[in-house]
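Data block below; observations after.
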Amino acid sequence: MTWEIVIGLEVHAQLSTHTKIFSGASTAYGAEPNTQADAVSIALPGVLPVLNKGAVERAIRFGLATGAHLAPRSVFARKNYFYPDLPKGYQISQFDLPVVGNGQLTIQVEPLSGNAKPYEKVVRITRAHLEEDAGKSLHGDFHGMTGVDLNRAGTPLLEIVSEPDMCSAAEAVAYAKTLHTLVRWIGICDGNMQEGSFRCDVNVSVRRPGEPLGTRREIKNLNSFKFMQQAIDYEVQWQIDTIENGGKVQQATILFDPDSGETRMMRSKEDAHDYRYFPDPDLLPLEISAEWIEEIRANMPVLPIKRRIAFMSENEDAYKAYCIKLRQDITIAYNQVMYGLSEYDATTLVSSKELADYFEACVTVVGQENAKLCANWVMGEVSAQLNRDGLDITQSPISAQQLGSILMRIADGTISNSGAKEVFRIMWAEEGGEADAIIEARGLKQVSDSGAIEALVDEIIAANADKVAEYRSGKDKLFGFFVGLAMKASKGKANPAQLNEILKQKLAG
Amino acid sequence: MFESSLKQLGAALRAKKISSVELTQLYLDRIAQLNPRLNAYITVNPEISLAQAKAADMRLAGGNTEALTGIPVAQKDIFCAKDWLTTCGSRMLHNFVSPYDAHVISQFNNAGAINLGKTNMDEFAMGSSNETSHYGPVKNPWDQARVPGGSSGGTAAAVAARLCAAATGTDTGGSIRQPAALCGISGLKPTYGVCSRYGMIAFASSLDQAGPMGRSAEDLALLLNTMAGFDERDSTSLRRDKEDYARDLDKPLNGLRIGLPKEFFAEGLGSDVAQSVEAAIAEYRKLGATVVEISLPNTRLSIPVYYVLAPAEASSNLSRFDGVRYGYRAPEYSDLADMYEQSRAQGFGEEVKRRIMIGTYVLSHGYYDAYYLQAQKIRRLIAQDFTEAFRQCDVIMGPTSPSTAFKLGEKGDDPVQMYLSDIYTIAVNLAGLPGMSIPCGFGANDMPVGLQIIGNYFDEARMLNVAHQYQLATDWHSRAPQAL
């Protein structure tokens, strides 16, 4: 018996404003408890909220990046409940009139298991609304009492709600990752999941094909993609087992315990609050003018999906075809050069804006006919070294221009790939230096003198008459053996392309 | 000295006929003498007041003065004032010393006025008799067996008893105008948004508005000049050019069109009040005004609408009083939920709890549409009634309150009877219009009667002109209670 999985996500992205959404207190992470809690944050009697324009601007950026409807008029509402880390006794949020509605996000899904191929999918975004974060309750170290830290209270959040369009953990994770890349790409959220800047709630239900939606359970506050996948896998199996054993899934809010790998109930539907939403009389409706939207649109970066398409396309026709396939607006011209990379390369290179920028800066130096070479190095040598040293691309000791200067020498035949790795290694370790100077100093120049290579090849043929005979009688595989000998004899400096050609010629007899 | 207008006091201070310290001390002595009988003040703090007076005297010596420099003004205890106990009439805030100044308070401070003390009020401004205060009822200076009205009852009594030169109030459903009427003084609720609500403890945010209370329209104009103005800390504060509310005081009233809503002169209005109000209208005719009958058909719904919307907002506004960060916390409790329950059960009085219950109910799932949304729609209709009416007249007049001051305890058991005492004032808040009350005679038991004047949006200067011209022609406003 087969089951269909239905998943929708609610993501809380902390917006990267310096001050809180309704007051001037700092939003910086990690300060001593309550040192960033001003009169508004602790909800003194008589204080009032004043909306932070920067938070609204970031919401608009998100709406533009997801092709969403931007409400010309949206309303802040109060969500009423009591908790010590909620100082006003209500959270200011948006309810029936959110600022962003009806967007979409195209995701690339890498199936987590099996040999299934990657595929693309469009996930609909129901809405995104502005709200304030709560503070934190601190348990422990207070002699049986609970401490309250209100530094985080009032930090701006954008709650992004998807339609239940995902039908596997892989799709949910792909959506969350794509969203995570996007919010950083457009500069609205730092995406730091450890610090809680990007938190995911996952709604999961299962059903028999063709049947109406099953009852969902909501897994709260997942702060890593790995946990998200584990939590969904566990929860799906739990729901299927429950139903197959004759039980019923009850609507509930649950938590995932990474230690046990299990989900557990936080509260059932019966415990659900009646939040008594009503429009906040302290705040006027939020009105967004068309002029402001255009001003923001003019300053938007090219989105990851558009750059990915450009990276994959070898020409304008291919570009247009991809745009249509991925439901992207082709009227927005992307005037950068086309690289014709593989889907995999393109997807990897747009995993962050900084990486894509680094790659393109490198291509600018080396030339677009060498884009594949640049891609290989950025995704290979550079990424590996960064990983080893625990750095991100912006901290790379070798700039994109420096990398380009090395790759130029591969492209023009001055050095071999292994020679280039040597230059790269030295430059990385010394955090700088001139590619040409290193090549010179280390004698890494390839031998491209065909006379010298011919002499070398002649010697090898003379010394290995038996193997030559075998080769000539049809044992093609021996070619590699001769290349190895010749390279060794040249101390690795022979120009490989030239060597191959000469070897082939001479062995042919 | 206690009978001087603010203008006269200012002149005396600038002429060095009296110092601010002397003047403040005179008031402090009078408060010490009379407040025990009236309970108009919750807090006086002679040390702070006299320090302010000393600073004002320096300023007066330097000649850098404003109209209110050196003048002692009492503040309703709903305004947060730095270093002052700010209770809002509640046990919940019995220990809350504010670390900051409300906008209105800073405006007075910047003008060099003296904060003379914090006046008593109905708890969280919920009441019409000042009997819901945790700090005991205020007595009406005209008859101490009677209430001063509410919620700004302490302010009204203090002004009437000459325990301050002038004072502030707030008005959510009549809380400036009704006590002004019952205590025989003048009070003005400005257009919603004219005075910043920052630092004014919220009751019903969409209705609350601060305003001046004093002995004459002329005094109110000077006070409003100081209180009004845009404040970026209040998103509902109005961005408008600064105006001089005293600019039109001396204009004659020839051709003034007064609208009399027939609904205000129907069943429920005391005949003594009707008589005084009609006499006042007759006086206005003499001053050159014409009178037209108007209709405000939806105002009959204003009490039910108000008692949905105001408690709804209050139930949320008062959620911050949870015993966690400041204010009252029950001495004993078993867990978090119990701490909330005990602290709020013990910290709030009966009327506040009643309104929190009503508000919670009308916002609940399944009731929101029937109550809250419906009330919002009717609120709009009520506002439209006024817009229609102002096509035919310049100001609207009528009684402020259906009766004169009633006896302490008289309506204590019947909240609906109590709510009805605001029947003529509430619609003005729902519409966001400016309204005022001025004394216009005495009714049964020789208690003062108030005439309500309602203006169009931002028409405060004209209303003050209308009131001032009447006060030039009559002397009701300068009568002082002899019972003290």
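Order of the sequence lines fixes the chain letters, A, B, ..., with proteins taken first and strands second; residue numbering starts at 1 for each chain. Computed from a predicted structure; not experimentally measured.
- Contacts of B:Phe79 with chain A are absent, with no heavy-atom separation under 4.5 Å from either backbone or side chain.
- Scanning for ring pair (Phe, Tyr, Trp, His ring centres under 6.0 Å) contacts around B:Phe348 gives B:Phe124, with sequence neighbours left out.
- In this structure, no portion of B:Ala204 lies under 4.5 Å from any heavy atom of chain A.
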task = Would you sort out whether B:Met357 and B:Arg354 count as a side-chain contact (heavy atoms from CB on, under 4.5 Å), showing the intermediate values?
result = CA-CA 5 Å; B:Met357 299 274 280; B:Arg354 184 184 351 264; 5.8 Å; no
- prompt: Are A:Ile219 and A:Leu255 close enough, and set up right, to give a side-chain contact (heavy atoms from CB on, under 4.5 Å), and what steps lead you there?
  reply: CA-CA 5 Å; A:Ile219 315 169; A:Leu255 288 173; over 6 Å; no
Exercise for review: Might you work through the side-chain contact (heavy atoms from CB on, under 4.5 Å) test for B:Cys88 and B:Met121, ending with a clear yes or no?
Suggested key: CA-CA 7 Å; B:Cys88 218; B:Met121 56 182 285; 3.7 Å; yes
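- Using a 4.5 Å cut-off between heavy atoms, B:Leu207 does not touch chain A at all.
- In this structure, the side chains of A:Ile288 and A:Pro72 stay at 4.5 Å or more apart for every pair of heavy atoms.
- Not counting sequence neighbours, the partners of B:Ala431 by the side-chain contact (heavy atoms from CB on, under 4.5 Å) test are B:Ala383, B:Phe386, B:Leu433, B:Tyr457.
- Under the ring pair (Phe, Tyr, Trp, His ring centres under 6.0 Å) criterion, B:Phe108 pairs with no residue, sequence neighbours left out.
- Contact annotation: the side chain of A:Ile21 never approaches that of A:Leu157 to less than 4.5 Å [non-hydrogen atoms, C-beta and beyond].
- Taking chain B as the reference chain and counting heavy-atom pairs below 4.5 Å, the highest number among A:Pro281, A:Pro45, A:Gly89 is found for A:Pro45.
- The choice from A:Val40, A:Ile42, A:Val148 that makes the most heavy-atom pairs within less than 4.5 Å of chain B is A:Ile42.
- With a 4.5 Å cut-off on non-hydrogen atoms, B:Ile78 does not touch chain A at all.
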>> Using the rule given for side-chain contact (heavy atoms from CB on, under 4.5 Å), can you reason through A:Leu130 versus A:Ile92, listing the C-alpha separation, both sets of side-chain angles and the distance that settles it, and then say yes or no?
In response: CA-CA 9 Å; A:Leu130 287 164; A:Ile92 305 178; over 6 Å; no
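- Interface remark: of the candidates A:Leu86, A:Leu284, A:Leu44, A:Leu44 forms the most heavy-atom pairs closer than 4.5 Å to chain B.
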Only pairs under 3.5 Å, no angle test: what donor-acceptor pairs are there between chain B and chain A?
from     : atom 1 : to       : atom 2 : distance (Å)
B:Tyr100 : OH     : A:Pro45  : O      : 2.6
B:Tyr100 : OH     : A:Val47  : N      : 3.4
B:Arg197 : NH1    : A:Asp282 : OD1    : 3.2
B:Arg197 : NH2    : A:Asp282 : OD1    : 3.1
B:Gly199 : N      : A:Gly46  : O      : 2.7
B:Ser205 : OG     : A:Asp282 : OD1    : 3.3
B:Ser235 : OG     : A:Pro49  : O      : 3.0
B:Ser316 : OG     : A:Arg78  : NH1    : 2.9
B:Ser316 : OG     : A:Asn80  : OD1    : 2.8
B:Asn317 : OD1    : A:Arg78  : NH1    : 2.9
B:Asn317 : OD1    : A:Arg78  : NH2    : 3.1
B:Arg320 : N      : A:Lys88  : O      : 3.3
B:Arg320 : NH1    : A:Leu44  : O      : 2.9
B:Arg320 : NH2    : A:Tyr90  : OH     : 3.4
B:Arg325 : NE     : A:Ile42  : O      : 2.7
B:Arg325 : NH1    : A:Pro87  : O      : 3.4
B:Arg325 : NH2    : A:Pro87  : O      : 2.8
B:Tyr326 : OH     : A:Ala43  : O      : 2.5
B:Tyr340 : OH     : A:Tyr83  : N      : 3.4
B:His365 : N      : A:Asp274 : OD2    : 2.7

